[in-house]
*Asks:* 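Please see the structure below; I have some questions.
These numbers come from the heavy atoms of this one structure, side chains and all, not from hydrogens, waters or symmetry mates. Residue numbering restarts at 1 for every chain, and letters A, B, ... go by the order of the sequence lines.
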Amino acid sequence: MRYSEYFIPTLKETPADAEVISHQLMLRAGMIRKLAAGIYNYLPLGLRSIRKVENIVREEMNRAGAIELLMPMVTPAELWQESGRWEKYGPELRRIKDRKEAEFCLGPTHEEVVTDIVRREVRSYRQMPLNLYQVQTKFRDEIRPRFGLMRGREFIMKDAYSFDVDSSAADISYDKMYQAYRRIFQRCGLNFRAVEADTGSIGGTASHEFMVLAESGEDAIVSCSACEYAANVEKAESPVKGGTEHAEPRPLEKVATPEKRTIEEVAEFLGVPKAAMVKTLVLSADGEPVVALLRGDHDLNEIKLQHLLGCDTLEMAGDEIVTKVTGAPVGFAGPVGLKVKIVADLAVQVLRNFVTGGNAKDLHLKNVNLDRDCHVGIFADIRNVVHGDPCPRCSGGTLEMWRGIEVGHVFKLGTRYSEALHATYLDADGKEQTVFMGCYGIGIGRTVAAAIEQNHDDNGIIFPLPIAPFHCIISALNMKEEAVKEASETIYQQLSEAGVEVLLDDRDERPGFKFKDADLIGIPLRIVVGSKNLADGKVELKERRSGEVSLLPIDEAVEKVKAAVAVAL
RNA sequence: CGGGGUGUAGCGCAGCCUGGCUAGCGCACCUGCCUUGGGAGCAGGGGGUCGGAGGUUCGAAUCCUCUCACCCCGACCA
């Protein structure tokens, strides 16, 4: 490809509305352009990287026995009504009507559609295991799209669905996908962790997320310092340290705390550690008020609490509800004397003589003891783990916290969808059985963005070669000089014929300009053809990542590039 | 959806508070000269319904009302 005939609109300045580095660099490198909030044009360079990831995904999916198909982006409401998700999915599911007023939605995922295919066509246990996948554009009307391709509303996703005769067969399919995912992200050159995860709105019995480690990641994950345990904080557990404190209960004491509302303020005012306080949170579960009790230095894990309560919605209550439940303005809530359901975290269960709000303005209570002073309905793990918590799986290990970008997610679905949609088969005994399913997603665009988050420097992107839009760029410093032109063309020919993807920068620009662009768009290998070195029959080969430069005869440079590409792929 | 903010040339911004002359600057773009190893220089040039609608006023980018879009924080989510 000749740069002068190609289309790479690079930007010298950083667009103001790009927050994270991958977004900035993809814009600057001319890979993407925004069309609307969370909706992007993929320009040629960006598309090439996307295609690279897609192809790696396809190769590994095929190797793992999955079969590609393509389902429509627009899907009829009936299927979603059958599974119950037409109601359950929030406004994220973009519902649309056709000219006859018939209802459809833009596919945010395809469990319903693929299950419909299978229930129609699969009748016998002999037809399984079956794993169908597609690479499709999805649409989810995200509340707040951001970070470029990391959280778009429209995005490209590979989604696979496995169908098996029973739970243990489904486990085998799941494991195959898990292994395939490991290979995919390794081949993409990513530093990632597979972590245990919550199943969210997809539902199911078990799941792992594949997280690319990056400061800008939207998810918090933990891993054990000693064993293999790793989990999303949404899911991560930690055993309670030590036993119950055996301190003698002291008499309850009221203490005035004028205008001290937050845990920090009260702890400082009373001179007690945050861990000796209990925070009282008022929530609304499907509209019913619920109170959650947590140690002062801990945070509520809403997902754990939601699972525990079995409710569809859970949100922090507004000021009016707090006032109604506690009889006090926000900031002075406590468990003593409350009439509503109270859930306390396990770490609270072992506390004695702690500080809480007094359910009256400017009042807190000291020496509160749960069994004596209030009625807790349930004790359960409802908090987020914190750095340094003990590992739930091994003795001695402690949990470390990281930020991660979720690029892949695998689920064991069980029979949730197959039951709702009646996907059944006849077993060897001629008995009707329900199909066991799994589903497996990879965000393609997000994977490219995550790779850039992990691979860049001040000058721009540093693409891992397997997903780079081009393997090699030839910077011809002055195409007007016959010798430079000739040598550049020769190198271009030889590399292209060898299957190396080459971009020949034949533009009439100054050298510095070409170098800056080459660095920005992140091509892993660069050959510089300049008249001075060419006089000695040599060209310069520079590796983008290491910055390593070598002066070589033309033939040798070509051979080195060929070899480097062969090794990396 | 709640809170905050921004819309002025392709991009980045100034001007707005305190209304007034032809609406500016840098980059980019076009022409010419010059230059060619890290985003050069000189000269000339093109490009704006100041997001949109309405209002106040002799006069609106500037003040008021409504509206749209986008961004940030929060809740939400593979």
*Asks:* Could you pull out all residues at least two apart from A/Ser162 that satisfy side chain to side chain donor-acceptor pair (under 3.5 Å)?
*Replies:* A/Tyr440
*Asks:* Below 4.0 angstrom, which residues in residues 16-24 of chain A have at least one non-hydrogen atom near RNA chain B?
*Replies:*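 Listed by number, they are A/Ala16, A/Asp17, A/Glu19.
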*Asks:* Would you tabulate the nitrogen or oxygen pairs shorter than 3.5 Å linking the protein to nucleotides 3-5 of chain B?
*Replies:*
none

*Asks:* Considering residues at least two apart in sequence or located in another chain, which fulfil the side chain to side chain donor-acceptor pair (under 3.5 Å) criterion with A/Ser49?
*Replies:* none
*Asks:* Can you check the A/Ile32 CD1 to B/C11 P distance for me, whole Å?
*Replies:* 15 Å
*Asks:* Enumerate the salt bridge (Lys or Arg N to Asp or Glu O under 4.0 Å) contacts for residues 445-462 of chain A, please, sequence neighbours excluded, ordered by first and then second residue.
*Replies:*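 Output for this query lists A/Asp457-A/Arg544.
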*Asks:* Could you work out which one of B/G37, B/G26, B/G38 sits closest to the side chain of A/Lys532?
*Replies:* B/G37
*Asks:* If you measure only the distance, is there a donor-acceptor pair under 3.5 Å linking the side chains of A/Thr109 and A/Glu111?
*Replies:* yes
*Asks:* Rounded to whole angstroms, how far apart are CD on A/Glu13 and C1' on B/C13?
*Replies:* 9 Å
*Asks:* Calculate the interatomic distance between A/Glu540 atom CD and B/G37 atom P; express it in whole Å.
*Replies:* 12 Å
*Asks:* Give the table of side-chain donor-acceptor pairs shorter than 3.5 Å for residues 481-488 of chain A, with sequence neighbours excluded, one pair per line with atom names and distance.
*Replies:*
{"residue": "A/Glu481", "atom": "OE1", "partner": "A/Ser531", "partner atom": "OG", "Å": "3.4"}
{"residue": "A/Ser488", "atom": "OG", "partner": "A/Val484", "partner atom": "O", "Å": "2.7"}

*Asks:* Taking side chain to side chain donor-acceptor pair (under 3.5 Å) as the test, write out the residues that go with A/Glu543, two or more places apart.
*Replies:* A/Ser546
*Asks:* Taking only N and O in the side chain of A/Arg153, is any of them less than 4.0 Å away from OP1 or OP2 of B/C77?
*Replies:* no
*Asks:* NA contact type, A/Lys542, heavy-atom cut-off 4.0 Å: base, sugar-phosphate, or nothing?
*Replies:*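 Touches a base.
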*Asks:* When you check the side-chain N and O atoms of A/Asp159 and A/Tyr161, is any donor under 3.5 Å from an acceptor?
*Replies:*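 Their side chains do contain a donor-acceptor pair, which is all the 3.5 Å distance test asks for.
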*Asks:* Who are the ring-ring contact (aromatic ring centres under 6.0 Å, His included) partners of A/His110, not counting sequence neighbours?
*Replies:* none
*Asks:* Would you kindly check whether a donor in the side chain of A/Arg144 faces an acceptor in the base of B/C77, or vice versa, at under 3.5 angstrom?
*Replies:* no
*Asks:* Can you list the residues that meet the side chain to side chain contact (heavy atoms under 4.5 Å, CB included) rule with A/Glu196, with sequence neighbours excluded?
*Replies:* A/His208, A/Tyr229, A/Ala231, A/Lys235, A/Arg393
*Asks:* Could you pull out every donor-acceptor pair under 3.5 Å between side chains of residues 516-527 of chain A and any protein atom, sequence neighbours left out?
*Replies:*
{"residue": "A/Asp517", "atom": "OD1", "partner": "A/Thr10", "partner atom": "OG1", "Å": "3.0"}
{"residue": "A/Asp517", "atom": "OD2", "partner": "A/Arg507", "partner atom": "NH1", "Å": "3.1"}
{"residue": "A/Asp517", "atom": "OD2", "partner": "A/Arg507", "partner atom": "NH2", "Å": "3.1"}

*Asks:* List the residues meeting salt bridge (charged side-chain N to carboxylate O under 4.0 Å, His left out) with A/Glu237, not counting sequence neighbours, and say none if there are none.
*Replies:*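 If we apply the salt bridge (charged side-chain N to carboxylate O under 4.0 Å, His left out) test to A/Glu237, skipping adjacent residues, there are no hits.
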*Asks:* NA contact type, A/Lys138, heavy-atom cut-off 4.0 Å: base, sugar-phosphate, or nothing?
*Replies:* nothing
*Asks:* Walk along nucleotides 39-45 of chain B from 5' to 3' and tag each nucleotide B, S or - by protein heavy-atom contact under 4.0 Å, base first, then sugar-phosphate.
*Replies:* BB-----
